[in-house]
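All chains are named by letter (A, B, ...) in the order of the sequence lines, taking the proteins before the strands, and each is independently numbered beginning at 1. Everything numeric here is computed off the predicted structure, so don't read it as measured data.
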Amino acid sequence: MSLLKLAWKNIIASPLTLLLNIILFALGIGLINFLLLFNQQVKNKFENNLADIDMVIGAKGSPLQMILCNMYHVDNPTGNIKIEKAKPFLNPKHPLIKRAVPLSLGDNYRSYRIVGSTYDILDLYNGKIKEGKKWVRDQDVTIGSTVAKKTGLKLGDKFVSSHGFEEDEDLAHDHTAFTVVGILESNGTVLDQLILTNTASIWNVHSHVETDTVEDDHEGHDHGDHDDHDHGNHEGHNHDDHAGHDYGDHKGHDHDNHAGHDHDDHAEHDHKHDNSIADLLNHPEEEITAILIQFKSRTNFQALSMPRNINENTDLMAASPAYQINNLNANIGVGTAALRYLALLIAFISGLSIFISLFKSLKERKYELALMRVSGASAGQLFFLIIIEGLILGLVGFAIGIIVSHLASSVMASAMSDAYQYSFDSWKFGKNELYLLLLSLSIGFIASVLPAIKAFNTDINKTLNAK
Amino acid sequence: MYIMIKTSDLTYKYPQGPQFSFPDFTCDSGEKLLILGKSGIGKSTLLNLLGGLTKAKTGKIHIDNHEVSSFSISKLDAFRGANIGIIFQKNHFISSISVLENLMLTQKLAGVKIDRKRCDQLLEELGIGNKANSKVNNLSEGEKQRVSIARAVVTNPKLILADEPTSALDDDNCQKVIELMDNQAKKVGAALLIVTHDNRLKDIIDNQIILS
């Protein structure tokens, strides 16, 4: 019967008090830890996906929304921009821009976004191919690891997308199936939950939809000129209709090798979409959603003032991710700070509750303590007995609080992953938990130190002879 | 047989109360001594002095040839735990643990070897072997008193002090309890001091002093 065992027995001797203490304690510690976990995970996600992007350009609207949409893929686009207008920023010879990655959004497969872009997006997020290859032709897709895992898509699988960002069977673009040609390695960035393809594939899908509903938009087009595109790409064509088009010009052409062809009135078109920026520039009338930009030098004054220039002088909007995310963090921070104070208050109250219950139990146990002294226990042993009781309460409360916070975090994570296709690792234990352990033990110690001193000072004679 | 306890010139003064002077006495190992006196005459005070629970104003107490009246508080705690068993007028125990665990804790706190067999055997001898795993609060008063006796002797002390052990008992049980205490004291070779105002004990124990 060690002091530790006795302390434990003393604690469990009054189960209701124990329950109250543990619930309060676990609530306080659990809430603090949950907030820390949540903050940490969100921050990690944000930071992983900053990817050294210095500026995002998109349609005018909310800059934060644009950042969230195009970098984190959790919000809707602010709109699309014409390539014509975005041309200067896509120019590979731009003196200030190291890398410009165009993004075209608008479709999803089972809530996973299909993103039309160039191979640069892989470099931006350090994406590496695990199986298969990068997308090559229109409607080829290379999918992120989470997408592969959650949808079960494999190499060679075909799927049709739905419009928008919510899954909806009715909106299925059944004209243009995508083919999985590659799967990326998981790397913790937003790539994990994206389906990547070339920009033209997005246009293909959308032109079908648009012409299905708004035929007039395309009346001016000479559809014949598009026949050499990968078939099924263009402007709402029912493929049967192609029979009537003028194929004459193109007979015998190797359809995969149209790059060099000069097609009369579409001379500027490069008819094989080769996933390059140059290809985009050949379609100035088409649209993209945004451009992610890395500057050559982050300290260059001209580069730093570029967002403001764009916002003031063009129809486009430019925003700095670091600035917007800092803003967002600050705003979230206010909310979590309030919650954190609440959590600390609960932790304080739980300490108080331990203090009160120990003090009260001392009153009931004063004979027991005096008796232990009579049996040879030193005053120091009584002191430690009470301290141990406080520490045990702190430890048990801590353990339950940590478990509960991780449970809550995993519930939260699954809600988040349903809503945003973001995955969180909710069972990762960190250094914060070590600090919380120290905090818990400190609360247990502080709450028990006064009762322990009282126990230390137990007057055997007075206690045992009190009538 | 040798002198287990010896007192000389013991006095005690309560801070704002009366002063007591106690007669000198001795008691041998394996013997018993009855200390009689009316209420308020200082019987419990004497027992506290002998048990080292409080310090005398003057005088000396020798137990087993140690002058315990000169011990420091912590040395006294240790000495008392190992050498003195006390049966209090009220029976108090650690309520969160079982009868057996109370006895084992007593051994542990006294710094003697924890001997579960001894505890079990003692409970058997006192007729409460079946209560070993009960919580003390679930016992009757009579059973509690037996546990008290068991606790007082479980460390094989040199001196057993009993404070009014029989005042609440009928004649039959009074006789039995004294026998139990006497037997146990003899087995461990301890001196047994009983402080009481119960005059029935006068006829059972020959060796007696009367406080006045």
*Of the backbone (N, CA, C, O) and the side chain (C-beta and beyond), which part of A/Gln381 lies under 4.5 Å from a heavy atom of chain B, both, or neither?*
side chain
_Within residues 392-400 of chain A, residues adjacent to chain B where the heavy-atom gap is under 4.5 Å_ = none
*So do B/Met181 and B/Val153 actually touch side chain to side chain, heavy atoms under 4.5 Å?*
no
*Contact leader toward chain A among B/Thr54, B/Ile94, B/Ile86, where contacts are heavy-atom pairs under 4.5 Å*: B/Ile94
_I need the residue from B/Pro157, B/Gly111, B/Ser95 with the largest number of non-hydrogen atom pairs under 4.5 Å to chain A._
B/Ser95
_Heavy-atom contact with chain A under 4.5 Å, split by part of B/Thr106_ = both
*Going by atom types alone, do A/Glu389 and A/Asn10 pair a side-chain donor with an acceptor below 3.5 Å?*
yes
_Under the salt bridge (Lys or Arg N to Asp or Glu O under 4.0 Å) definition, can you give me all pairs with a residue in residues 60-78 of chain B, not counting sequence neighbours?_
A/Arg373-B/Asp77, B/Asp64-B/Lys158, B/Asp77-B/Arg80
*Tell me, out of B/Thr45, B/Asn48, B/Leu53, who's got the most heavy-atom pairs with chain A below 4.5 Å.*
B/Asn48
_A/Asn326: which residues meet the side chain to side chain donor-acceptor pair (under 3.5 Å) condition with it, sequence neighbours left out?_
none
_Students often mix this up, so state it plainly: with edges at 30° and 60°, are the rings of A/Phe38 and A/Phe34 parallel, tilted or perpendicular?_
parallel
*asked:* For chain B, which candidate among A/Leu369, A/Ile12, A/Leu371, A/Ile11 shows the most heavy-atom pairs at distances under 4.5 Å?
replied: A/Leu371
_A/Phe384 CZ: over 12 foreign heavy atoms closer than 6.0 Å_ = no
*Identify the two heavy atoms, one from A/Ser405 and one from A/Leu37, that lie closest to each other, and give their separation to 0.1 Å.*
O-CD1, 4.0 Å
*Checking heavy atoms, do the side chain of B/Ile73, its backbone, both or neither come under 4.5 Å from chain A?*
side chain
*Have B/Ser148 and B/Asn91 got a donor and an acceptor in their side chains that come within less than 3.5 Å?*
yes
*Provide the full list of ring-ring contact (aromatic ring centres under 6.0 Å, His included) pairs with a residue in residues 92-121 of chain B, sequence neighbours left out, each pair given once.*
A/Tyr367-B/His92
